[in-house]
Amino acid sequence: MKDIAKIYNPSEVEDRIYDFWVKGNYFHAEVDENKKPYTIVIPPPNITGQLHMGHALDNTLQDILIRWKRMSGFDTLWLPGTDHASIATEAKIVEAMRKEGITKEDLGRDAFLERAWAWKEQYGGRIVEQLKKLGSSCDWERERFTLDEGCSRAVNEVFCRLYEKDLIYRGNRMVNWCTCCNTSISDAEVEYEEQDGKFWHLLYTVKETGEKLELATTRPETMLGDTAVAINADDERYKHLHGCHVILPLLNKEIPIVCDEHADMTKGTGVVKITPAHDPNDFEVGLRNNLPIVRTFTYDGRLTGAEDKKIADELIASGRATENEPEVLDCGKYAGLTISEARKVILADLEAGGYIKEVEPRKHEVGTCYRCHRTIEPMVSKQWFVRMVPLAKPAIEAVEKGETKFVPERFTKNYLNWMNGTRDWCISRQLWWGHRIPAWYCADCGEVIVSKADVCTCSKCGSKNVSQDEDTLDTWFSSALWPFSTLGWPDETKELKHYYPTNTLVTGYDIIGFWVSRMIFSALEYTGQVPFDTVLIHGLVRDAQGRKMSKSLGNGIDPLEIIEKYGADALRFSLATGNSPGNDMRFLPEKIEASRNFANKLWNANRFILMNLDENEPAPHIPENLAIEDKWIISRFNKLVKNVQNSLENFELGIAVQNLYDFIWDVFCDWYIEIAKIRLNGEDEHARNTARAVLVYVMSNTLKLLHPFMPFITEEIWLALPHDGESIMISKWCEYDERLNFPAEEDAMDLVMDAIRAIRNRRNEMNVPPSKKAKVVIVSEKAEIFGSCAAFFERLASASEVELTENYNPDGAVTVVTDAATIYIPMKELMDFSKELERLEKDLAKANVDKEFFEKKLNNPGFVAKAPEKVVAEQREQLGKVLEKIENLLAGIEDIKKQM
RNA sequence: GGAGGCAUAGCUCAGCCGGUAGAGCGUCCGCCUCACACGCGGAAGGUCACAGAUUCGAGUUCUGUUGUCUCCACCA
């Protein structure tokens, strides 16, 4: 028999096993109409990304589900891929170029895209390799990329269809503008941060009455773009000003006082300055009151000047301007200043002119870009939008009807809130890396042509002077199509028919709005079906202090380092343990060590079994002539199968893993293996064979249940044991079998184990070392059971011999009482009678408390009448046990007293 | 302002359908027992945040309070 290391070394095993699986082609899915499909599409990680704990958790959960379903006989597909992550990737490339002293504009679009693809080639594969280290059993042959040909085709198809249905439109709207990334971003991409700001109270002079009108603002630098001030129509303070005007300071421009519901009488002075081009609310006020929209900021965050004005004026003069086209102001002396510089200069000028009444400190939430965390500027800009109301409606209904379920259920509400509140989705981005918008503009007649195919000629005027929109689509636009674009949509492929709709989507609660909701409405619109039946939501992995892991804090834990040090199985096990759906979890070093120890325990249990096997040990089976302990462990294992199955079906992976841990460690290793040693070391060959067969049967099948959680070590061990089939990952999942329940043996073992524990406990209390063996005398009505298990006491309770008797006349014996037996250990030299008496009386007091508890319950007519029969019977049984124990204790006390 | 999570042993967390509270780590005691010291045996430690309600019975359901965290909206 070859040497097996005492300590399991995952790094020696994991890569080898992964290669073995890949060679066996076990991850690959081929449409099999005879099998029920089970499909998961991976949340595609960004190509710029490195595997972090969030990915590790997300993919561990997916791999557990997919491996379980694969073993359960489903035609399983786990479809992997990566996301081009337009803004994040472009930012990284631009940053890298900056270090070389090159800008995007230097390169031009085509050369830039070449660089981007090269980047993708270089880094896109990295995260995939990292997912493999984790053990992910994805079908790598079907790996996709959101910017690959198929996905791009789906994107164009969708864009055109939505445009034809007027669900996509282009227009001047208020958008969130990042002056750093130089692009618009969607509402979902804005993160609000509390900042210390100031509240400036300004004085605008009313032209007609000469009075000073006080209004307050947090953004004085936008005042050059003011085109009105608003008051509430019902505000008694300002009724005399209806129809009047104010003189805008610094510009000396006359702007109207308008009445609008937006002006809140209860806030501040009730007067609001209106800047339609640079504030979302003011934009709405502007539309309602037909106010001019005057843009004073450039898209790269400076104040507009003569050149900017000229361009805008030309556009307006050409007649090409569309609805809500903003005018542009030449800001004169302020032109070219950055927005923050402008604030200082404008404030200084207002101060000098006596226009500032007071300055008040104020905390407020400022919108920042989720990518670069710079302040977002609200800007009126011409962008493409998806009309959300008609699309959201069916998506809300489908979830309300339960066609897609969230686990845990509470996230349904989260989703519905998001869907109900969502505004039109700004989908165009001023970026190059992404799906270019399939729209062409005719320079001669202004026609907009949206087309799947490239356009060279204007369909309206025949001009060749057409050019494609420079912008690309929001990266989430393609992610939204992921569950079906990856299966070949818009073609009716056999994969799409078989694997779609997918089954489980596993993701974090942080992207329900970004991604989950968009997949649901997209799928309903284009495929007429929900994209998945269940969304399994998990929480964030936090650091030991409960903080979010982040780059800036530097508190992230690298899963790859953990894998290297402890093994992927230990990492996966840690992430699955104690994890309940939707809840955040902390990553503690102790936990990973505990998981590593568990793997090692398993390794050594197997080492023990292998050491005892014959060379020609038969494959796992249940042998004849089972001993009581065999029936007990088989019965317990059968229960484990049921529990694990139930837990997995309810997505309670943390509970499943806990059941496995307890069974393997506490039940199988600490009891069954120890007891099996009796027969293994004995002379009876039949008994030896039986014990070996049961060890192999239970171990091998338990490994199957554990395999989804710890794929590597279970495969390594399973292959080392006698086995049928080539790999555990394609072996048949265990099924609960009513015929393998042995309740009588379970009860009997409970009595015996209880007695063994009681003896150990008492010996410990008396500081008797395990090496000091002592005779054990058992007095019990269930002598037969104890008789058949006598050897267990020798092995596990330091018994030198076991005597069963109906009457025992103790002469200096320690008394140990359980509800099934009174046990005497003659150890006269160690006896202290008064202490012994004290102990027994203490036990008696405790037993009497228990007795009262159950009696009170059972004497309660309400309980007996209303509680389920089963519960009443259980309580009666408990009481019976307590009464027996009391009887045994009283007898023991009598004996002691006699001897004193 | 709206919505939601969490509050259980010293620490980190489980606890599904309501029926005298569990794990890991830590602590204490004893063991190198022929698979494993990444181990074995034993012990201590909890008014399950607080107050009500429902129920024969509540850590578990409902209402409120407090603390804490998160998401969404808004703040001119």
Side-chain angles (χ1 to χ4, degrees), chain A residues 4 6-8 192 199 215-219 222 229-230 262-264 267-275 279 281-282 285 362-365 408 410-411 413-414 417-418 421 509-510 512-513 539-540 544 546 566 574 577-580 582-591 593-612 643 646-647 650 652 654-655 657-658 661-662 666 669-670 673-674 677 681 757 760-765 767-771 795-798 849-850 853-854 857 860-868 870-872 874-875 878:
Chain A
I4 302 174
K6 265 188 174 184
I7 302 241
Y8 172 60
Y192 289 88
F199 210 32
L215 51 84
T217 179
T218 53
R219 306 209 50 205
T222 63
V229 296
H262 172 60
D264 185 339
K267 281 186 188 164
T269 57
V271 185
V272 190
K273 72 190 224 17
I274 301 298
T275 323
D279 180 280
N281 287 309
D282 293 3
V285 176
R362 187 185 173 104
K363 281 192 194 304
H364 57 150
E365 300 278 321
R410 69 182 129 93
F411 287 100
K413 203 160 181 177
N414 186 320
N417 277 347
W418 199 90
Y509 57 69
D510 47 338
I512 291 176
L540 264 41
Y566 298 95
S574 295
T577 304
N579 187 321
S580 58
N583 288 355
D584 291 351
M585 64 189 308
R586 298 191 195 199
F587 195 88
L588 302 164
E590 301 92 272
K591 207 166 155 186
E593 279 176 25
S595 302
R596 188 260 331 252
N597 293 353
F598 176 64
N600 196 52
K601 183 75 183 173
L602 192 69
W603 178 255
N604 275 292
N606 188 61
R607 193 159 80 101
F608 172 77
I609 294 173
L610 291 179
M611 281 166 61
N612 282 284
N643 289 338
N646 277 343
S647 303
N650 294 317
E652 298 280 355
I655 292 175
V657 90
Q658 189 65 51
Y661 183 97
D662 292 345
D666 301 339
C669 290
D670 288 350
I673 288 185
E674 290 309 318
K677 284 175 182 172
N681 293 339
R757 278 192 212 102
R760 285 168 170 174
N761 180 350
R762 181 53 54 89
R763 288 177 57 105
N764 256 303
E765 274 175 9
N767 293 319
V768 186
S771 53
R795 178 104 210 160
L796 303 176
S798 304
V849 170
D850 288 348
F853 176 85
F854 291 115
K857 208 171 199 180
N860 178 346
F863 174 72
V864 183
K866 294 185 184 174
K870 194 184 153 207
V871 175
V872 178
E874 267 170 26
Q875 303 292 313
Q878 300 264 41

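Throughout, protein chains are lettered first and strands after them, A, B, ... in sequence-line order, and every chain is numbered starting at 1. As the structure is a prediction and not an experimental result, all values here were calculated from the model. Worth knowing before you read on, the calculation uses all heavy atoms, side chains too, and leaves out hydrogens, waters and symmetry mates.
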Determine the contact category for [X]: base if any of its heavy atoms lies under 4.0 Å from a base atom, sugar-phosphate if only primed atoms, P, OP1 or OP2 are that close, otherwise nothing.
X: A:A216; result: sugar-phosphate
X: A:K866; result: base
X: A:R219; result: nothing
X: A:S647; result: nothing
X: A:F199; result: sugar-phosphate

What interatomic distance, in whole Å, is found between P of B:G26 and the corresponding atom of B:U68?
31 Å
Side-chain N,O ([X]) to OP1/OP2 ([N]) below 4.0 Å:
X: A:R586; N: B:C13; result: yes
X: A:K591; N: B:A23; result: no
X: A:N761; N: B:A43; result: yes

Would you call the rings of A:F411 and A:Y509 parallel, tilted or perpendicular if under 30° counts as parallel and over 60° as perpendicular?
parallel
In whole angstrom, give the distance that lies between atom [atom1] of [X] and atom [atom2] of [N].
X: A:W603; N: B:A37; atom1: CH2; atom2: P; answer: 15 Å
X: A:R762; N: B:A43; atom1: CZ; atom2: P; answer: 11 Å
X: A:K870; N: B:G19; atom1: NZ; atom2: C1'; answer: 11 Å

